[in-house]
Amino acid sequence: MKKQLTLLLAAWFLFGVAGLSLAEEAAVTAAQEPAAVEMDKKENKRGYFLNRLLDFTDILTFGASLGAQGSLDVSVTDFLRFGFGYGTGYEVAKRYDRLLGVGEYDAGNISFLFCTFDRDYYTPIYGDVPAFSMYSDVFWPVNLESEIYTKKVRDPWAVSVRAGIMLNIAIAFHPVEFADFFAGIFGCDIVGDDR
């Protein structure tokens with residue numbers, strides 16, 4: 001009987017210690033989990049606010065170019081556009097899709113309603129705006145499959161104005177980006193540009 005009691009006490013002690021160490025381990029893990037969850041929450045908040053800021057800056061784009069050029073172009077989307085532009089210049093721009101850059105811009109275009117005659121060429125000097133060209137021989141409706149749209153250099157839905165002689169100034173409002181900013185407040189990313 002004494003031997004059985006000793007084995008029982010030894011088993012209780014061993015399992016008790018093992019149980020205690022498992023309980024301690026669970027307590028330590030439970031104490032660490034809120035810290036990890038809190039860290040994730042901070043990262044998510046930081047990411048949320050950074051994405052809202054970037055979405056807000058996407059609403060307007062602008063550019064300025066200097067050179068032997070002239071333009072007066074007003075568009076309420078690329079499907080309702082009036083104006084012309086001709087010449088060569090050096091451009092500094094914040095373009096659509098978060099593209100920033102400096103480059104040489106050579107343009108010749110006439111637009112009326114949904115038709116356009118375009119000969120636009122862009123050669124980058126600095127930044128992330130890709131080289132592009134938009135060329136049409138005839139006065140033709142806008143083609144959303146042309147390079148300027150597939151490379152996301154120009155937003156077909158933008159409301160924009162470009163005007164000037166020698167110094168051209170361009171500004172554009174992007175309604176889809178405005179909707180993306182507003183929807184992003186509630187956690188929806190329409191454009192798919194959140195990081």
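On a predicted model such as this, the values are computed, not experimentally measured, just so you know.
Distance alone, capped at 3.5 Å, places no donor-acceptor pair between the Asn168 side chain and the Ser65 backbone.
When only modelled atom types and interatomic distance are considered, Ser71 and Asp73 share no side-chain donor-acceptor pair under 3.5 Å. Side-chain contact annotation: Ser75 with Arg81, donor-acceptor N/O pair under 3.5 Å absent. Side chains of Glu147 and Ser133: a donor-acceptor N/O pair is present below 3.5 angstrom, by distance only.
Aromatic rings of Tyr122 and Phe132 (six-membered ring for Trp) have centroids within the 6.0 Å cut-off, being under it.
Ala183 and Ile190 get closest at one heavy-atom pair: CB-CD1, 3.7 Å. The two residues Ala170 and Arg162 have their closest heavy-atom pair at CB-NH1, 3.4 Å.
We find the CG-CG distance between Asp155 and Asp78 to be 8.0 Å, quoted to the nearest 0.5 Å. From Asn51, atom CG reaches atom CZ of Phe56 across 15.0 Å, with rounding to the nearest 0.5 Å.
Within the 4.5 Å cutoff, no side-chain heavy atoms of Thr57 are placed close to those of Phe181. Between Asp193 and Asp55 there is a side-chain heavy-atom pair separated by less than 4.5 Å. Side-chain contact between Phe84 and Leu72: present, with at least one pair of heavy atoms (C-beta onward) separated by less than 4.5 Å.
Criterion: ILVMFWY side-chain heavy atoms under 4.5 Å apart, direct or through other members. Under it, Val76 and Phe114 are part of a common hydrophobic cluster. The hydrophobic cluster containing Tyr149 also contains Val153, counting ILVMFWY residues as joined when their side-chain heavy atoms lie under 4.5 angstrom apart, directly or transitively. Both Ile148 and Leu144 are part of a single hydrophobic cluster, where members link through side-chain heavy atoms under 4.5 Å apart.
Here the rule is ring-ring contact (aromatic ring centres under 6.0 Å, His included) with Phe112, and of Phe117, Phe79, Phe82 only Phe82 fits it. A side chain to side chain donor-acceptor pair (under 3.5 Å) with Thr61 is found for exactly one of Lys94, Glu177, His174, namely His174.
For Arg95 and Tyr105, the positive end sits near the middle of the six-membered ring, less than 6.0 Å away and at most 45° from its axis.
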